[in-house]
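I have placed the structure first, in the form of structure tokens, so that the comments after it can refer back to it.
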Amino acid sequence: MAEVTRPLTVRVERKVFPAVRGRPENHVLGKIEFEVEPGSFVVITGPSGGGKSTLLNIIAGLDKDYEGAIDFAGADRRMAFVFQTPRLLPWRTVYENIALALPPGDPRLANIPELLKRVGLVEAANAYPEMISLGMQRRAALARAFVLEPDILLMDEPFVSLDEPTAQGLREVLVELWSRRPTTVLFVTHDRSEAVMLGTRILRLSSGAATITQDVPVQLSVADRTDREKVRAEQRRIFGEA
Amino acid sequence: MRQAVNAPARGFRVGRLGWTLISLLALILLWELAAVIAQSRYLPGPLAVTEAMVREAQTGELWTNIRATLIRVAFSFVFAMFIGSAIGLALGRYPMADRFFDAWLIFFLNLPALVIIVLCYIWFGLTEVAAILAVSINKIPNVAVTMREGARSLSKDLNEMASVYRFGRWKTLRHVTLPQLAPFFAAAARSGLALVWKIVLVVEAFGRSEGVGHQLNIAFQLFDVQMILAYALAFIIVVQIIEFAILQPLIARASKWRR
């Protein structure tokens, strides 16, 4: 596979959900245009219900009903998606769920045991998703995304509805996996400290026919990101509040 | 004394199998009691019925008839499950088709079994094809309704996941779609088998010259209650063996991932 050096280009002119059963039509996205450099970790943040997930679905190709174009700068880029819920197959074990992301007989299957160790699921490898905790299910979803060795990783609030220590643990797992194999990440969250802690660049969307209101790099080194004070200071700098 | 402390509970511990046996035994006793009181050839006791069953088994009649019935059950069951599932899945997936065919489905659901059987024999003659077709048509609407529910409840979330991870058609069918349909299929199969058994007997009584239904019809004409009960009993035993040996293990295997 050729090394990808051209940026990914996202251009959405507008996205409207048509009126359904009494609900009025919803003009959820306005003109949104940005480029993503390969290997960068872009956090998209904004008010809830503001179209962040819709944007991600458009980039993933799950929603094709919009005006605009996504240019992947490479014919066949590998894409992984970590959803807001783990979306594991309940009738397949943790191991099988991860392995199913790959074609049968793929050499990357050999990386699964190592990956399971990194996300702390060695013991749960043969468990069914409904028998393990939500935090563990989310780890499995992370492993499924990383086993692909994706060129683009889309993440839609992957750590919501977890208690803070668990969420923090998962963020650390994510950073560790990402630093081992840097890939382009588009990460949606409404959690501002999470945005600062993880992102190398933050895009803020407005509400209602969303457009980009702010596009700033995060000025923190890897070491700074574990420092609560520095994270808080950077958060103040970007979002202009405590 | 220490042992008594550790003992799980006082008195008998009766398992599920134990309760089934006790309950069956009570039924047989009640039957025997009724037979003794009635003292009639129209109500033979359990022993007489068992004797009749053994006699039929020894002449080979019992097996010939049960086999003929089982083959019909198998064919019409498989045929009805296949066609019914196809129709149900199509209706669940395409709302236009569902809107159009819903009234047809209601029509066939409410068409009496006897009408379907009689019409099939009149239109297609007293043939094996007509018999199996009649049973299948009775069953197809039920399967279609159940499978339509299954198709409607397919998870959009999991389909999106399969699409992002490029599962492709076959992998999606095998790992995403079919496991979601399995409980609906199992429900349709179970209620289906129960229905198919009963209708096959009626079809046989009307227009076939072998099979349990045919044998019951002859026994009815002779008022031979002993024979009727012997065949009914043999039949119940076969159905239960199929339920426990095939259906239940299959269902247990398909749902082992549930919490």
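If you're wondering where the values come from, they're calculated on a predicted model, not measured in any experiment. Chain A is the first sequence line, chain B the second, and so forth, proteins listed ahead of strands; every chain is numbered from 1.
At distances below 3.5 Å, not a single donor-acceptor pair connects side-chain atoms of A:Arg87 with backbone N or O atoms of B:Leu158.
Closest of all the heavy-atom pairs between A:Trp91 and B:Gln180 is CH2-CG, 3.1 Å.
Open room surrounds CZ on B:Phe108; 12 or fewer heavy atoms of other groups in view lie less than 6.0 Å from it. In the displayed structure, A:Glu176 atom CD is contacted under 6.0 Å by more than 12 heavy atoms of other residues, nucleotides or ligands. No more than 12 heavy atoms of other residues, nucleotides or ligands lie within 6.0 Å of CZ in B:Phe75, so this atom counts as exposed by the packing criterion. For B:His175, the NE2 atom is densely surrounded, since the number of other residues' heavy atoms within 6.0 Å is greater than 12. With a 6.0 Å radius and a threshold of 12 heavy atoms from other residues, nucleotides or ligands, A:Arg181 has its CZ atom above the threshold.
Contact of A:Leu88 with chain B is made through the backbone alone, with heavy-atom distances under 4.5 Å. For a residue to count as touching a neighbouring chain, one of its non-hydrogen atoms must lie under 4.5 Å from one of that chain's; by this rule A:Ala127 does not touch chain B. If you measure heavy-atom distances from A:Thr85 to chain B, the contacts under 4.5 Å come from the side chain alone. Proximity to chain B (any heavy atom under 4.5 Å) is restricted, for A:Phe83, to the side chain, taken from C-beta onward. Contacts of B:Lys256 with chain A are made by both backbone and side-chain atoms, with heavy-atom separations under 4.5 Å. Neither the backbone nor the side chain of A:Pro129 comes within contact range of chain B, judged by heavy atoms closer than 4.5 Å.
The side-chain heavy atoms of B:Tyr165 and A:Leu100, taken from C-beta on, include no pair separated by under 4.5 Å. Looking at A:Arg92 and B:Pro179, their side chains come closer than 4.5 Å, going by heavy atoms from C-beta outward.
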* Asked: Should B:Met161 and A:Leu89 be marked as a side chain to side chain contact (heavy atoms under 4.5 Å, CB included) after you check the CA-CA gap, both sets of side-chain angles, and the distance that decides it?
  -> CA-CA 10 Å; B:Met161 185 280 291; A:Leu89 299 170; 3.9 Å; yes

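Counting heavy-atom pairs closer than 4.5 Å to chain A, the top residue among B:Asp157, B:Asn159, B:Val164 is B:Asp157.
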